[in-house]
Number of protein chains: 2
Amino acid sequence: MTDDEQRRPVTTAATSLGILEQLKSGGPMGPTGIASELGLAKSTVHRHLKTLEREGFVVPDDDGYRVGLRLLDFGIYARDQHQLYEVAKPKLDELAEQTGEKVWCVTEEQGRGFHLYGAAGAHSVRTPAREGTRSYLHQLAAGKAILSAFSDERVRDIVDRHGLPAKTPQTITDSDALFEELATIRERGFALNREEIVPKLHAVGVAVTDNEGHPVGAISISGPSNRLRGDRLTGDLADLLLGAANEVEINLNFS
Amino acid sequence: MTDDEQRRPVTTAATSLGILEQLKSGGPMGPTGIASELGLAKSTVHRHLKTLEREGFVVPDDDGYRVGLRLLDFGIYARDQHQLYEVAKPKLDELAEQTGEKVWCVTEEQGRGFHLYGAAGAHSVRTPAREGTRSYLHQLAAGKAILSAFSDERVRDIVDRHGLPAKTPQTITDSDALFEELATIRERGFALNREEIVPKLHAVGVAVTDNEGHPVGAISISGPSNRLRGDRLTGDLADLLLGAANEVEINLNFS
DNA sequence: ACTGACGTTCGAATCATTCGAACAGATTTA
DNA sequence: TAAATCTGTTCGAATGATTCGAACGTCAGT
């Protein structure tokens, strides 16, 4: 039933977007480099770049072109529109202050997790996650919390679409193991992440749901594994998160 | 000499980008609404939306489609790539703490100003500016500081391209007046903004330049006009900014 | 049950896109 | 110094995709 194939895609538009993605993944480069990377003619890429430049999506650079700040304008707009962001943000700052760790707010789009906002505590560690980062849900504490609030059917669809790619040896890569984990999460109310995405990094995550029980996103606390373990992880921090998520949920329903 | 016309633009790509801009300016809407707004056929818009959705640039919404968080991923990447951002950020946080006001870091792209990062002080007021916001340079303290570091020719090009639209009665709308203002700014080292973009809002701005004197961007402090006036504005705060900009400049050249 | 509005699909005519070749300019090599 | 080889750029012509409009199914409201 994964009828994901688009009947008649606008290939020209897809090409332009592909050029943007190339500039993001490959860094600044010129028409020649992009053309060889994407298997297109130089002249074609050149025309696309000029059009993208007109709209501010790319800008000239010493090494050719790079993605323009117009995309930041769009991106911040997309974030600000998100109902969870404005409600969760002050609470996340508070949590970061209290715990000293890194606190994240994650939401789901198209079966993937997006980091909406991150608050840095006094002792928070540097991880690969940035705002805007797109991750696989099963690799995140917040992501697993979100999955646990979805129906089994919805989870199956997501797994079918995106698979269960591994980041570390601890990443859940088996569908059955994932469903067992989600059952545990539903039971105790929070999700754990023990080096499933970054070695030596642990995290707790709790889903934020709307009136009908559908997840709007999730919040999480992450930090070094030797600091986030035992009772602190599954006790104090989990309780703190559960309380915060509950507060956010109440505020969500009156905005 | 303003040979800005593109010879053979990729109109199909421009259409897709136009749909994105429509969703941003007009809020979430469906194919029918977008089509009537842009003067296109419903079916055309539909096909574009499906393609944009495949790439995550738009997502389904109760009211049709909205811009997707994939754009936040791109936008934050664009910001993080910017040399000024990582260097200026800690200094901005420090300034916000010290002054209690709102501190911004702005950079230029295609003759327009982009708000890279804003640090909120304890008493900072809420303004229309957000991160990512694109503004006219002549309407900002930071923007005028940037312009003052450009050559007259470059400024003329920018004015020719974008004009001098007004936001308040105080906005500079005359080219000669602008050049006089820029001369004053060069002389004293900092730019002022007195209700030129938002009524009752004042600001000071200082350019950040590279080794060759070309502006990389600018930093500014803004706040209510009754708090940012007299010696505090042109003395203490201006000095603070000049010192901060100088620090940033030094750090820029060794990164 | 009927109307109207919506998203969706499809065919056919048109128009724009694509490629490749050729150009000028800058930088590097001989 | 001059040749050579990178760029980025322009243009023509053939192909192929885009566009429009009409028609479909669905849903909400009357």
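Excluded from the calculations below are hydrogen atoms, water molecules and symmetry mates; all remaining heavy atoms, backbone and side chain alike, are included. Within every chain, numbering begins at 1; the chains are lettered A, B, ... in the order of the sequence lines, protein sequences first and strands thereafter.
- Comparing B:Val45 and A:Met29 by the nucleotide of DNA chain D whose heavy atom lies nearest to each, the residue mapping closer to the 5' end is A:Met29.
- Of the two residues near DNA chain D, A:Pro31 and A:Val10, the one whose nearest nucleotide lies more 5' is A:Pro31.
- We find that CG of B:Leu49 is positioned 15 Å from P of C:dC6, with the value rounded to whole Å.
- Rounded to whole angstrom, the span from the CZ atom of A:Arg8 across to the P atom of D:dG16 amounts to 16 Å.
- A:Ser43 comes within contact range of at least one nucleobase, with a heavy-atom separation under 4.0 Å.
- Rounded to an integer number of Å, the gap from CG of B:Asp62 to C1' of C:dC6 is 15 Å.
- Contact annotation: B:Thr44 reaches the phosphate of D:dC20 (side-chain N/O to OP1 or OP2, under 4.0 Å).
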Ring pair (Phe, Tyr, Trp, His ring centres under 6.0 Å) between A:Phe74 and A:Phe57, intermediate numbers included: CA-CA 10 Å; A:Phe74 276 89; A:Phe57 285 77; 5.5 Å; yes
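- A donor-acceptor pair under 3.5 Å is formed between the side chain of A:Thr127 and the backbone N or O of A:Ala129.
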B:Lys50 and B:Glu53: CA distance, side-chain angles, deciding distance, salt bridge (Lys or Arg N to Asp or Glu O under 4.0 Å) verdict: CA-CA 5 Å; B:Lys50 285 296 182 189; B:Glu53 182 187 358; 3.8 Å; yes
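- When the side-chain nitrogen and oxygen atoms of A:Thr12 are compared with OP1 and OP2 of D:dT18, one or more of them lie within a distance under 4.0 Å.
- Under 3.5 Å, the side chain of A:Lys42 and the base of C:dG20 form no donor-acceptor pair of N or O atoms.
- An OP1 or OP2 oxygen of D:dT9 is reached within less than 4.0 angstrom by a side-chain nitrogen or oxygen of A:His46.
- The shortest distance between the side-chain N/O atoms of A:His48 and the OP1/OP2 oxygens of C:dT18 is below 4.0 Å.
- Classified by interplanar angle (parallel below 30°, tilted 30° to 60°, perpendicular above 60°), the ring pair B:Tyr85/B:Tyr117 is perpendicular.
- OP1 and OP2 of D:dT10 both lie 4.0 Å or more from every side-chain N or O belonging to A:Lys50.
- Note: CG (B:Leu40) to C1' (C:dT14) measures 16 Å, nearest angstrom.
- Using a 4.0 Å heavy-atom distance criterion, A:Pro9 is classed as a sugar-phosphate-only contact.
- Between A:Thr32 and D:dG8, a side-chain N or O to OP1/OP2 separation shorter than 4.0 Å is present.
- If you take OH of B:Tyr65 and P of C:dG7, they are 9 Å apart, rounded to a whole angstrom.
- One finds no salt bridge joining A:Asp157 and A:Arg154 here, because no Lys/Arg side-chain nitrogen approaches an Asp/Glu carboxylate oxygen to under 4.0 Å.
- Here the P atom of nucleotide C:dG7 and the CD1 atom of B:Ile34 are 9 Å apart, to the nearest Å.
- Remark: C1' of D:dT18 and CD1 of B:Ile19 are 13 Å apart, rounded to the nearest angstrom.
- Taking 4.0 angstrom as the limit, A:Arg47 places a side-chain polar atom (N or O) nearer than this to OP1 or OP2 of C:dT17.
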